Amino acid sequence: MVVAVGVVGVAAIGTKSGAGEGEGKVKVLEPLVTRIAFGSCANQSDPQPIWNAIIDFDPQVFIWLGDNVYGDVKRPFKLFGKERTVGPWKNAPRFIPSPPKELESRYQKAKSNPGYSRLRHTTQVIGTWDDHDYGLNDAGKEFGGKITNQKLLLDFLDEPQDSPRRKQEGVYTSYMFGPVGRQIKVILLDTRYHRDPLRSDGSVLGSSQWTWLEKELNGPKSAITIIGSSVQVISNLSATTRPLFSLESWGRFPKERNRLFKLISDTKREGVFFISGDVHFGEISRYDCSIGYPVYDVTASGLTQAVEKAVPHVFSLIVRFVAWLTPTTMRVISKNCRFRSCTYGQPNFGAIEIVWSTTPVTLKLEVRDIKGYPVTGVKFPLVELQSRGLMSSVKAGEYRRHCSLEVNLPWMIKYRLAILFYCSVSVMFLAMIGLAYAATLAFRLFLHKCKLD
């Protein structure tokens, strides 16, 4: 069911569908939704002051996009010893799953956070999961604890006990908000339960979820359709950061991503954009050559976990330099960004504002910081998300921003981060050899002088 937020709390008034469930038949006045917030990657053991900024934004809906808690156990970084968790001689996993009771206690701790509790009393909260609340870092369909952990997630989200979502395999679902003519459909995908192994180019959603998604996109039209994916849909930074490191994304399953774009195009669904999390930084990406109109992906990650928090403060500038240097063909670059790279590596959340009173209707998509200030954003008329009849494309060897895929960049550009890193390491190594040689030579000269004296 969909809910409306009023001055006296949260009231159920609309429709929701899971696998096997159609549109509801409740006929009541549905309020106009103008503000939606979303976020991901919230460690339940860390301070979470960002809830104050989210509450001040006054969203009518808040969407969890995964890593709503960190339920697995991160073992120490060990390169040497009996149990080596990293490096070429790794023989033990870096992450291990928590027992169900421990995961349940972490959900309870997250749910009792004072800031989050305040939000829950004024805002409808919905969501999906990612790997750390699914139960294990980077896990897919092979993870054995997914059935038990699905129940724990749905308890955290206050999913009704008789919900079809509790009976299906996976936590995917959809909601419809707002009155007819100004409706917003939110589709939340499950990119874990049925996902094949990384590097397999297999399935992300699994056959049952694909069937469900096709039905949802062919269902009643809406002015806006928001598709929530725990991992990025448009950006594929792994194509330009490997072999140094890689990130999970739909881009690592190119057949599945093409299938997703084709499905949206074939169903002639307009007003579609994506929201995502997972990567511990915020950015906005845009792809112009996929479904007949520009499609955006707003990544907000994370509420507590962020790349700049993972390094000492003095190295923040290095992180921002690396973000700026990393090649990207899809990121929206604007003078309004907080940093030159138009990424944001500190705690953040996503904000969606719809101005229905303007002609045409205006849509504002932003990533905001811990104080609620925008760090990157786009604003455009909703009619921009309507098919233009012709599908844009690029020829082989041609480069066009927001159209050329990262994997098709010239190798000198695609791997410039790795080239710079290995060149820097080589220079440092040669410099150390040179210093050692100079020190040895100086010592020998000193000894020779001593002998002469």
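None of the values given here were measured: they were computed from a predicted structure.
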Quick one: list whatever passes ring pair (Phe, Tyr, Trp, His ring centres under 6.0 Å) with Phe421, sequence neighbours left out. none
Would you please indicate if the ring centroids of Phe38 and Phe349 are separated by under 6.0 Å? no
Is it true that Phe62 and Trp51 have ring centroids separated by less than 6.0 Å? yes
Of all the heavy-atom pairs spanning Thr128 and Leu189, show the shortest one and how long it is. OG1-O, 2.8 Å
Check ring pair (Phe, Tyr, Trp, His ring centres under 6.0 Å) between Trp324 and all other residues, then give those that pass, not counting sequence neighbours. Phe321
Is a side-chain N or O of Gln209 found less than 3.5 angstrom from the main chain of Asp190, in a donor-acceptor match? yes
Please, which pairs that meet salt bridge (charged side-chain N to carboxylate O under 4.0 Å, His left out) have at least one residue in residues 46-74, sequence neighbours excluded? Arg35-Asp58
Taking the ring of Tyr287 and the ring of Phe261, is the distance between their centroids below 6.0 Å? yes
Can you name the residues that form a ring pair (Phe, Tyr, Trp, His ring centres under 6.0 Å) with Phe156, not counting sequence neighbours? Trp64, Tyr107, Tyr116
Disulfide bond (SG atoms under 2.5 Å apart) contacts touching residues 172-284 (sequence neighbours left out): none
Please list, chain by chain and in numerical order, all residues satisfying ring pair (Phe, Tyr, Trp, His ring centres under 6.0 Å) with Tyr70, sequence neighbours excluded. His132
Please check if the side chain of Lys141 supplies one atom and the backbone of Gly206 the other of a donor-acceptor pair under 3.5 Å. no
Can you confirm whether more than 12 heavy atoms, excluding those of Lys167, are under 6.0 Å from its NZ atom? yes
